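Position 1 is the first residue of the sequence, and the numbers go up from there. Side chains are part of it too, since the values below use all heavy atoms of this structure and drop only hydrogens, waters and symmetry mates. Please read these numbers as outputs of a predicted model, since none were measured by experiment.
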Amino acid sequence: MSTQDIVAQAKALFAELDALPDDARMDAVNEIRLALHEHSPMRSEPVDCVIWVRQDAVHANDYNPNSVAPPEMRLLQLSIQADGYTQPIVAMSEEDGRYEIVDGFHRNRVGREVGAVRKRVKGRLPIAVINAGRTSREDRMAATIRHNRARGKHSVDTMADIVVDLHRRGWDQEKIGKELGMDADEVLRLRQTTGLAAAFADREFSKAWE
């Protein structure tokens, strides 16, 4: 069967979607996209499959240190209102069918809080799901920092808490720096903000100080 034949058959089948109510149609489209994703040569890339998830099934994480100033937030709102959603919200799929945001908290806010946008997207949010092998808490925290680091501003205290948390979870200073895009001095400075004992707990001092 040729590519054209496959596409023609798919289009004929998809035409039946038009008879469904919007909510049921969106659920069906999501399932079709997920099925196509399984056969895509790009299935290892999360952006290959963007689904529209009901807003009540999406929630924020408790570690995001990124903040957006009011002018930038207003610009983001204008961008989504004028241009539509051009970037999905990155999230992790949870066992209960809900999604925890890894990146895109402010895009999520616009979809929820701006009435015109909420109505336009029918109470849903565009979600790209991170790969299943990157769902541990430390991996999610690192992914959030990588997504946000070149945008907005980070709270130093929250960043320091994340660095210490990753250290307590077994990541050494080199791995933390590599995963978060920091040099060793920056990691150390963030750890110092939480107290010298925590900052230097795994460092060896010269015997000259004894």
**Request:** List the steps, then state whether side-chain hydrogen bond (donor to acceptor under 3.5 Å, both in side chains) holds for His59 with Glu94.
**Result:** CA-CA 11 Å; His59 66 93; Glu94 299 179 314; 2.9 Å; yes
**Prompt:** Going through the distances and angles, do Ile89 and Asp103 end up as a side-chain contact (heavy atoms from CB on, under 4.5 Å)?
**Reply:** CA-CA 6 Å; Ile89 294 161; Asp103 177 68; over 6 Å; no
**Request:** Could you walk me through whether Val129 and Cys49 pass the side-chain contact (heavy atoms from CB on, under 4.5 Å) test, one step at a time?
**Result:** CA-CA 8 Å; Val129 181; Cys49 183; over 6 Å; no
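Residues Val102 and Asn61 are not in side-chain contact: their nearest non-hydrogen atoms beyond the backbone lie 4.5 Å or more apart. Leu20 has its side chain out of reach of Met26: every pair of non-hydrogen atoms, C-beta onward, lies at least 4.5 Å apart. Using a 4.5 Å heavy-atom threshold, the side chains of Ile127 and Trp52 count as separate. Contact annotation: the side chain of Leu17 approaches that of Val29 to within less than 4.5 Å [non-hydrogen atoms, C-beta and beyond]. Between Val53 and Leu125 there is no side-chain heavy-atom pair separated by less than 4.5 Å. A heavy-atom distance below 4.5 Å is not found between the side chains of Val58 and Arg98. Contact check for Arg107 versus Tyr85: side-chain heavy atoms found under the 4.5 Å cut-off. Looking at Gln9 and Lys11, their side chains never come closer than 4.5 Å, going by heavy atoms from C-beta outward.
Remark: Leu34 CG to Arg43 CZ distance equals 14.0 Å, nearest 0.5 Å. Atom CZ in Arg33 sits 9.5 Å away from atom CD1 in Ile51 (nearest 0.5 Å).
The nearest pair of heavy atoms linking Val47 to Val50 is O-CG2, 3.9 Å. Considering every non-hydrogen atom in both Gly97 and Ala57, the closest pair reads O-CB, 4.5 Å. Ile130 and Pro46 make their closest contact through CA-CG, 4.2 Å (heavy atoms, listed as atom of the first residue, atom of the second, distance).
Counting only residues at least two apart or on different chains, the side-chain hydrogen bond (donor to acceptor under 3.5 Å, both in side chains) pairs with a member in residues 115-129 are Asp22-Lys122, Asp23-Arg124, Asp27-Arg124, Gln55-Arg118.
No hydrogens or angles considered: a donor-acceptor pair under 3.5 Å links the side chains of Asp5 and Ser2. In summary, the side chains of Gln77 and His106 do not present any donor paired with an acceptor at a separation below 3.5 Å, with no hydrogens or angles considered.
Residues Leu78 and Ile80 are members of separate hydrophobic clusters, defined by side-chain heavy-atom contacts under 4.5 angstrom among Ile, Leu, Val, Met, Phe, Trp and Tyr.
Counting heavy atoms of neighbouring residues, nucleotides and ligands inside a 6.0 Å radius, atom CD of Glu174 does not exceed 12 of them.
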